[in-house]
Peer 1: 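Starting off with a structure, shown below.
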There are 2 protein chains.
Amino acid sequence: MTDERSAGPAVAGGAEEGRGAAEAVDGVLVALADPMRRRLLDLLAARGEATATMLAGGVPVSRQAVVKHLAVLEAAGLVSGGRVGREVRYAVRPAALDATARWMAALASDWDRRLATIKRLAEQAERDSR
Amino acid sequence: MTDERSAGPAVAGGAEEGRGAAEAVDGVLVALADPMRRRLLDLLAARGEATATMLAGGVPVSRQAVVKHLAVLEAAGLVSGGRVGREVRYAVRPAALDATARWMAALASDWDRRLATIKRLAEQAERDSR
DNA sequence: AATTGACGCAACCCCAGAGTTGCACATCGC
DNA sequence: GCGATGTGCAACTCTGGGGTTGCGTCAATT
């Protein structure tokens, strides 16, 4: 087994590199917005490694549809695929997902900060007018 | 200012309650997948509170388009709107975003766990065959 | 009361993308 | 070599959703 996928920090998928964090996040969000793609990710995470044909067996769509979904997922950095003989094995990549999770958490805390400021100002104004 | 939005844990938006975590996450992901909606969230977070008409002024689409986006965002629990006189003021709600961020982080760490297991098993098998 | 500004509803256009089918090409097992 | 299996490519269909326009309604201002 060529373990090019198991530990390398370099993006083997070759789909995302020189882009800003915003566009990387965009790709992940768009990819995750589709229920079928989330299901495929689930299957893939459960099996560790699988081909498009295998995955198509566990989902009510054609193999070609699965291939397209995998292409989107790979472009988003969520999975990576490599050829082994005549088949293409895909595996899950946690890094992109983790990065997006952190982005969202940071955004949420930013909103919290802003809301706290707004509230404080409002109370201040009320105190002044009283 | 009625601060029904600032601290209450109860979902004032009235759009999500009896659903499982999966569908709540789905709504948030679908909502965030659109760049225009993310921009509207940004504007809303920056202004603290705004109406659809105001937001339409800072974005290259019609007011009606903004209204539709706000409806999606509200259904996802990302914003909440309330009538004040003849206008409807919207504000950002960090809770749903934070919950989704945690869901993603948990999923990423789950993938990591599975990958670690796979890798361990592979090394074990290799050691045995040697 | 008349006017103005903000909202809601409904009908409509348009295209990206999810899914399909058919076929050609490569690879494994015999 | 030959059949069987798995991929890749391309053309095609069709639904969903983002966007628009038009109009009716309601509240604030004067």
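Just so it is clear: chains get the letters A, B, ... in the order the sequence lines come, proteins before strands, and each one is counted from 1.
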Peer 1: Salt bridge check, A:R47 against A:E49: does any charged N sit closer than 4.0 Å to a carboxylate O?
Peer 2: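 Result for this pair is no, no salt bridge flagged.
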Peer 1: Would you tabulate the pairs of protein nitrogen or oxygen atoms and nucleotide nitrogen or oxygen atoms of nucleotides 24-30 of chain C closer than 3.5 angstrom?
Peer 2:
| residue | atom | partner | partner atom | Å |
| --- | --- | --- | --- | --- |
| C:dT27 | O2 | A:R86 | NH1 | 2.9 |

Peer 1: Please list, chain by chain and in numerical order, all residues satisfying side-chain contact (heavy atoms from CB on, under 4.5 Å) with A:V88, sequence neighbours excluded.
Peer 2: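 For A:V88 the side-chain contact (heavy atoms from CB on, under 4.5 Å) partners, ignoring immediate neighbours, are A:R83, A:Y90.
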Peer 1: Can you list everything that forms a side-chain contact (heavy atoms from CB on, under 4.5 Å) with A:T117? Sequence neighbours excluded, please.
Peer 2: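 With sequence neighbours excluded, A:T117 shows a side-chain contact (heavy atoms from CB on, under 4.5 Å) to A:R120, A:L121, given in chain and number order.
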Peer 1: Which residue pairs pass the salt bridge (charged side-chain N to carboxylate O under 4.0 Å, His left out) test with at least one member in residues 101-116 of chain B, sequence neighbours excluded?
Peer 2: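 Sorted result for residues 101-116 of chain B: B:D98-B:R102, B:D110-B:R113, B:D110-B:R114.
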Peer 1: Grab the CZ-P distance between B:R89 and C:dG5 for me, whole Å please.
Peer 2: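 That distance rounds to 18 Å.
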Peer 1: Please list each protein N or O that sits under 3.5 Å from an N or O in nucleotides 12-19 of chain D, with the distance.
Peer 2:
| residue | atom | partner | partner atom | Å |
| --- | --- | --- | --- | --- |
| D:dG18 | OP1 | B:R37 | NH1 | 3.4 |
| D:dG18 | OP1 | B:R37 | NH2 | 3.1 |
| D:dG19 | OP2 | B:H69 | NE2 | 2.3 |
| D:dG19 | N7 | B:K68 | NZ | 3.0 |
| D:dG19 | O6 | B:K68 | NZ | 2.8 |

Peer 1: Quick one: list whatever passes side-chain contact (heavy atoms from CB on, under 4.5 Å) with B:L29, sequence neighbours left out.
Peer 2: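 With neighbours one apart ignored, the set is A:L29, A:L32, A:R38, B:V25, B:T100, B:W103.
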Peer 1: Without decimals, in angstroms, what is the distance between B:Y90 OH and C:dA6 P?
Peer 2: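 Atom-to-atom, B:Y90 to C:dA6, this comes out as 15 Å.
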Peer 1: How long is the line joining CD of B:Q64 and C1' of C:dG5, in whole Å?
Peer 2: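 Taking atom C1' of C:dG5 as the reference, CD of B:Q64 is at 14 Å.
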Peer 1: Looking at every non-hydrogen atom in both residues, tell me the closest pair between A:L97 and B:A108 and how far apart they are.
Peer 2: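 Shortest heavy-atom contact: CD2-N, 3.7 Å.
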Peer 1: Base, sugar-phosphate, or nothing: which does A:V67 touch, judged by heavy atoms less than 4.0 Å apart?
Peer 2: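 Answer is nothing: A:V67 stays at 4.0 Å or more from every strand.
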Peer 1: Specify the separation, in whole Å, of atom CG of A:L32 and atom C1' of C:dA18.
Peer 2: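 Whole-Å distance recorded here is 17 Å.
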Peer 1: Just jot down the side-chain contact (heavy atoms from CB on, under 4.5 Å) partners of B:R39, sequence neighbours excluded, or say none.
Peer 2: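 So B:R39 forms a side-chain contact (heavy atoms from CB on, under 4.5 Å) with B:V59, B:P60.
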Peer 1: Which pairs with one or both residues in residues 61-70 of chain A pass side-chain hydrogen bond (donor to acceptor under 3.5 Å, both in side chains), sequence neighbours excluded?
Peer 2: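 For residues 61-70 of chain A: A:R37-A:H69.
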Peer 1: Return the value, rounded to whole Å, for the distance between atom CE of A:M54 and atom P of D:dT5.
Peer 2: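 Going from CE in A:M54 over to P in D:dT5 covers 14 Å.
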